[in-house]
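Heads up: the structure comes next, in structure tokens.
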Amino acid sequence: MIKQVRPNYDAPIMEKEILEFWDSNGIYEKTVAHRENGEDFYFLDGPPYTTGSVHLGTALNKTIKDVLIRYWRMRGRNVRDQPGFDMHGLPIEVQVEKKIGVRSKQQIEEYGIGRFVETCSAFAKGLMNDMTLQFKRLGVWMDWNNPYRTLDPQFIEAAWWTLSEAYRNGLLVRDNRVLTWCHRCETALAEAEIEYWDEDDPSVMVEFPVVGGDRSLLIWTTTPWTLPSNMAVAAHPEFSYALAAMETSGGAKKVIVLESALAEVAKAGGCEKWEILDRMTGADLEGMEYEPPFAVPGLEKTQWLHKVVLADYVEEGNTGLVHTAPGFGPDDFETGKKYGLEPFCPVGEDGRFTDGFPMMEGKKVRGSNEALLEDLDSRGLLFSSARLRHRYGHCWRCKSPIIFRNTDQWFVKVTDIKGRMLDEIDRVKWVPDWAGSSRERNWVEGARDWCITRQRYWGIPLPVWECGCGETRVVGSFEELSNGDGYTEGMDPHRPWIDGVTFRCECGGTMIRVGDVLDVWFDSGVAGWAGLGWPSGKDGLERWWPARFIVEAHDQTRGWFYSQLAAGVISFDRAPYDEVMMHGWILDNKGQKMSKSRGNVVDPMDLAKDVGADSMRFCLLKANAPWEDTAFQKEMPRNARKVLNTYWNVVNFASTYMNIDGYDPSAHTMESMSVDFRDEDLWMVSRTEAMKRDVENALESRELHRACRSLENYILEDLSRWYVRLVRDRTWAEGGDVVADKNASYFTLHYAIMNAALALAPFCPFISEEVYGHMGGTLESIHMEDWPGHDPGLINVGLEESMAAVQEIVEIVAAERQKMGSKLRWPLKAIYVVGPEGGKVRTFDRVLAQQANVKSIEYVDAAPSPRKDLVGTNYASGAVFIDFEVTPDILAESYAREIIRRIQQMRKDMSLNVEDFINCEIDAEGEVVELCAQWVEHISGEVRALNLVFCDSPGGDEVRSWEIMDGEVVIGVSKAAM
RNA sequence: GCUCCCGUAGCCUAGCCUGGUUUGAGCGUCCGGCUGAUAACCGGAAGGUCACCGGUUCAAAUCCGGUCGGGAGCACCA
């Protein structure tokens, strides 16, 4: 049976009720169970980092997932929809540090690693719960009671297993390299963890006096603090260098620099003239020995120490001679290796000088710049000193400037499996195609070995144990771990507890775990099997793996798309997904990234509170192609709400009258109604089938914006603005002879509303549920329904063309009326449709007459002869002539309709029910009364008046004076006693 | 320097793959209308060098090449 919906679309309240309905009736669980025999479909959720609050981008992300999952369920699939959360890592650690008031690793260790890790864990879980509530409010249906969490022991075991596979295949190695380092977090950082912005730094040229000569090599640097670690000077073998004599502010100098840089160098040194004394190539300089800028006591003298070496990365800028500190520069490190220079790195993990450089021991490196420069200056070695603004890297979490440092780290040898990864990119389906063929491919081609170790606490512990004898063991399961000393059943595998587990080495020594934890980017890379309980159980993997579909924002090209690809190739020699969809970001209205510091953040929860989650979802989806970034405009949610509100109004209209007439949708079928359909009903059915076809095609091609636009167009144009307008009269017709015709319109209206609800269900799960429940849906929830496939046999192109022509003529008539000052309420005498297209229009004769409000329509081959009151207009496939002559009959009908309109307004103002009867008394000028005489019966019928009389002083419950066509009319209305 | 995406009205965009009426919508603005869906709704008007230049073609917003601008990523940043 049909239940009337509440008159106003109050989405926030309605949605809360639906959430409550879902919750207390276990609708989600029942829907999942409903499909348990369907085809298995492994959807894999990319785990959001537990920040505690869902931003618009995350909302879009989960909305896309929810839409597709609901759609697949409607298509009968048994979708695995476990959500995930990324819960380890530096971001949580940094927040916890702030919370408990510590600022360094040393303080954390004093606080106790165990306490610290437990705090991180509890903190992350709390944030996860906050986010879960927000996702639920947005209508996202996932298995919220059973998320995979990267902090779970089972998840950790899966990561260990993957690393042990990597080790077994020679893809996990320890290496000594120069890497980006955060001195505050005291850990290595990956390139992805570095944020760049401008920083003011020294820009200095320093003289390195050549041993046994009167000249100096001139180098340029922006990091004076690396000078104590200088071990060589690099020159390009083919560049041309010059020995030049200069008269500088610091006195007469002889320097060796790149010849082409002489002018710049001289300018920096405050000298206008110079003389070139000699020329040489870089190769000629090789082996030239110089005095290091700082005396470093412990530095072992080797063959190439403090000599000019050759390197072809040297560029033709600055002095052309590059200060080389193998402990602090990736290139320097490589050069050092080539020349047998052991990296000298007198800087600790905390970014302070060690006793390796006693002069500055204990001082922060960047803070030592000035003192070092002063020292150089006092010795006459500072050739020039300036400041430079340049892009500099910073730690993504604590914003400290990063430094380069030479350390031991563990690497996944991505460079060894690059070929396989690229093959897999080709095999996987990417949406859009270029996300894979260009973007992901481009990233993988340029990828370097992946440094997966971090010197921190809150993360998956590196499962590597080492013995002093050089023996290494990589643990791949808890079962293997249980063989260790110090293992206890059910122990938390996090630090510090895991650090207490040791293994007996074959040499008799003790194997101790390497203290590092994993880069959090590695965590989520193994989600595809970690969530399935692998490796401790294999059923899940065999049943579900690999993931059929994943979808994330484009930043995951180098994040999750990549980490999964690498982990998948390592573990299973394939990409762990079949289809990857990429989506864009939600930016602010100017196209800038939303961020707290910019103060331009829009909170999805506010939108849900304001216009409802359905409107929020709909506006995000319809705004743009999913893979494009969207500049969020504040009117977007309001516009989306307008679409849903219009739909709601249609349902309100339909449910009101169907309810009054006791219409039972289950008593009719398309077949049984077929004899009663009017052509406009068949037109509406045709439009409905086309809409379903379009929405389905768009869902299959992941063009969700097109699906939304089809729905919007259907609801606004076809259903609301046209069909409802057409069927109004039929809806309130009364009497036995109109029942069949009315039922045909009800059936069609109901069919349209229900199909719209079904097609809308994945996108706007709340309003569709509410409508379904009120319009006689037979299942407990619309989300258990099957997808409403379309019937091509019901699509009638000819009928649609006819209707389009009629709509066009109605628009023309309306436009011409406006020009002529003729209200739609006043009937027109006639219109003439000229041209061969008349036949098309004729199908909808009645519709045209009614909607344009014309008394007569004539189809003619040629334009009628011109006369007064006849106006002609051309349209797409013909012409229309409108006869604006006002006859007494037309004037009478116009008056009648004006009066009807006023009485209806009064009924409404009096809050009468649609079914109530009234009595009317009307006072008007004699001429008007005369004209209306023949219309009294019609007026009475339209306004449900039992008695309608003209008199001099009208009375009633409500009396009002109106101005109609320059004359005064007084109308009195009373509710009639029944 | 390299790669990718984007550029259509004041704003946000459709159309581009697959060339073909006068480039469509929405928002905003102005004017009007309608109203037994009504704290709604509808119509009309103004507003476009389809970023620019060149090419292919009978025909280019659409295909090709280049330029400029915006964004993202890579490399570099001693």
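Hydrogens, waters and symmetry mates are skipped; everything else that's a heavy atom, side chains included, is used. Letters go in sequence order (proteins before strands), and every chain restarts at 1. Note that the structure is a prediction, hence the values are computed from the model and not measured.
In this structure, of B:G15, B:C11, B:A37, it is B:A37 that holds the atom nearest to the side chain of A:Arg728. You'll find that the side chain of A:Arg706 is closest to B:C16, out of B:A78, B:C16, B:G44. The side chain of A:Lys823 sits closest to B:C34 out of B:G36, B:C34, B:A37.
Residues that satisfy the salt bridge (Lys or Arg N to Asp or Glu O under 4.0 Å) test with A:Asp201, not counting sequence neighbours, are A:Arg366. With sequence neighbours excluded, the residues forming a ring pair (Phe, Tyr, Trp, His ring centres under 6.0 Å) with A:Phe208 are A:Tyr290, listed by chain and number. Every residue meeting the side chain to side chain contact (heavy atoms under 4.5 Å, CB included) condition with A:Gln904, not counting sequence neighbours, appears here in chain and number order: A:Ile900, A:Arg907, A:Val943. With sequence neighbours excluded, no residue satisfies side-chain hydrogen bond (donor to acceptor under 3.5 Å, both in side chains) with A:Asn369. Taking the side-chain hydrogen bond (donor to acceptor under 3.5 Å, both in side chains) definition, one finds that A:Arg825 meets it with A:Glu898, sequence neighbours left out. By the side-chain hydrogen bond (donor to acceptor under 3.5 Å, both in side chains) test, A:Lys742 is found to be paired with A:Asp661, residues two or more places apart in sequence or in another chain being considered.
Counting non-hydrogen atoms under 4.0 angstrom, A:Gln633 reaches the backbone sugars and phosphates but no base. Among the protein residues, A:Arg902 comes within range of no part of the nucleic acid, since none of its heavy atoms lies under 4.0 Å from any strand. Residue-level contact check: A:Asn8 touches the backbone only, with heavy atoms under 4.0 Å from sugar-phosphate atoms and none from bases. Looking at heavy-atom distances under 4.0 Å, A:Glu445 makes no contact with the nucleic acid at all. Within 4.0 Å (heavy atoms only), A:Val724 reaches at least one base atom of the nucleic acid.
Of the P atoms belonging to B:C74 and B:U67, the separation is 24 Å, rounded to the nearest Å. Remark: the separation of the P atoms in B:G7 and B:A51 is 8 Å, to the nearest Å. Look at the P atom in both B:U3 and B:U18: the space between them is 23 Å, to the nearest Å. Rounded to a whole angstrom, the distance from the P atom of B:G26 to that of B:G43 is 8 Å. Nucleotides B:C2 and B:A60, compared at atom C1', are 30 Å apart to the nearest Å. Comparing B:U56 with B:C63, their C1' atoms sit 8 Å apart, to the nearest whole Å. Using atom C1' as the reference point in both B:C58 and B:A14, the two lie 28 Å apart (nearest Å). Here, B:C50 and B:G10 have their P atoms 13 Å apart, quoted to the whole Å.
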Polar atom pairs between nucleotides 25-28 of chain B and protein, under 3.5 Å, N or O only, would you list them?
| from | atom 1 | to | atom 2 | distance (Å) |
| --- | --- | --- | --- | --- |
| B:C27 | OP1 | A:Lys642 | NZ | 2.6 |

Can you tabulate the close N/O pairs, meaning under 3.5 Å, that link protein atoms to atoms of nucleotides 70-73 of chain B?
| from | atom 1 | to | atom 2 | distance (Å) |
| --- | --- | --- | --- | --- |
| B:A72 | O2' | A:Arg439 | NH2 | 2.9 |

Can you give me the N/O atom pairs linking the protein to nucleotides 6-9 of chain B at distances under 3.5 Å, or say none if there are none?
none

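Dashed line: the shortest gap from a side-chain N or O of A:Asn624 to OP1 or OP2 of B:U13 is under 4.0 Å. For B:C41, the OP1/OP2 oxygens have no side-chain nitrogen or oxygen of A:Arg725 closer than 4.0 Å. Between A:Arg709 and B:U13 there is no side-chain polar atom (N or O) within less than 4.0 angstrom of OP1 or OP2. Contact annotation: A:Thr656 does not reach the phosphate of B:A37 (side-chain N/O to OP1 or OP2, under 4.0 Å). Contact between the side-chain N/O atoms of A:Arg448 and the OP1/OP2 oxygens of B:A75 is found at a separation under 4.0 Å.
Side-chain atoms of A:Ser720 and base atoms of B:A37 include a donor and an acceptor less than 3.5 Å apart.
The pair A:Asp449-A:Arg177 counts as a salt bridge, with a side-chain nitrogen and a carboxylate oxygen less than 4.0 angstrom apart. A:Arg901 and A:Glu942 are not joined by a salt bridge, as no carboxylate oxygen comes within less than 4.0 angstrom of a charged side-chain nitrogen.
Note on ring orientation: taking the six-membered ring where Trp is involved, the planes of A:Phe239 and A:His236 are parallel (angle under 30°, cut-offs 30° and 60°).
A distance of 6.0 Å or more separates the ring centres of A:Phe404 and A:Phe328. A centroid separation of 6.0 Å or more is found between the aromatic rings of A:Trp627 and A:His554.
The nearest whole Å value for the distance from the CG atom in A:Asp331 to the P atom in B:C77 is 5 Å. In this structure, A:Glu440 atom CD and B:U3 atom C1' are separated by 14 Å, rounded to whole Å.
Listed by first and then second residue, the salt bridge (charged side-chain N to carboxylate O under 4.0 Å, His left out) pairs involving residues 431-445 of chain A are A:Asp426-A:Arg441, A:Arg441-A:Glu445 (not counting sequence neighbours). Each ring pair (Phe, Tyr, Trp, His ring centres under 6.0 Å) pair with one or both residues in residues 632-656 of chain A, not counting sequence neighbours, appears once here: A:Tyr9-A:Trp648, A:Phe653-A:Tyr657.
When the nearest nucleotides of RNA chain B are assigned to A:Arg897 and A:Thr630 by heavy-atom distance, the more 5′-ward of the two goes with A:Thr630. Comparing A:Glu811 and A:Gln905 by the nucleotide of RNA chain B that holds the closest heavy atom to each, the one mapping nearer the 5' end is A:Gln905.
Counting only Watson-Crick or G-U wobble pairs whose defining distances are both under 3.5 Å, the stems of 3 or more consecutive pairs in RNA chain B are B:1-7 with B:68-74, B:29-33 with B:41-45, B:51-55 with B:63-67.
The shortest distance between side-chain heavy atoms of A:His306 and A:Asn230 falls below 4.5 Å.
Shown here for A:Thr226 and A:Ala325, the closest heavy-atom pair between the two residues is O-CB, 4.0 Å.
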task: For salt bridge (charged side-chain N to carboxylate O under 4.0 Å, His left out), just list the numbers for A:Glu635 and A:Arg641, CA-CA rounded to whole Å, side-chain angles, deciding distance to a tenth of an Å, and then say yes or no.
output: CA-CA 10 Å; A:Glu635 59 273 11; A:Arg641 189 192 172 278; over 6 Å; no
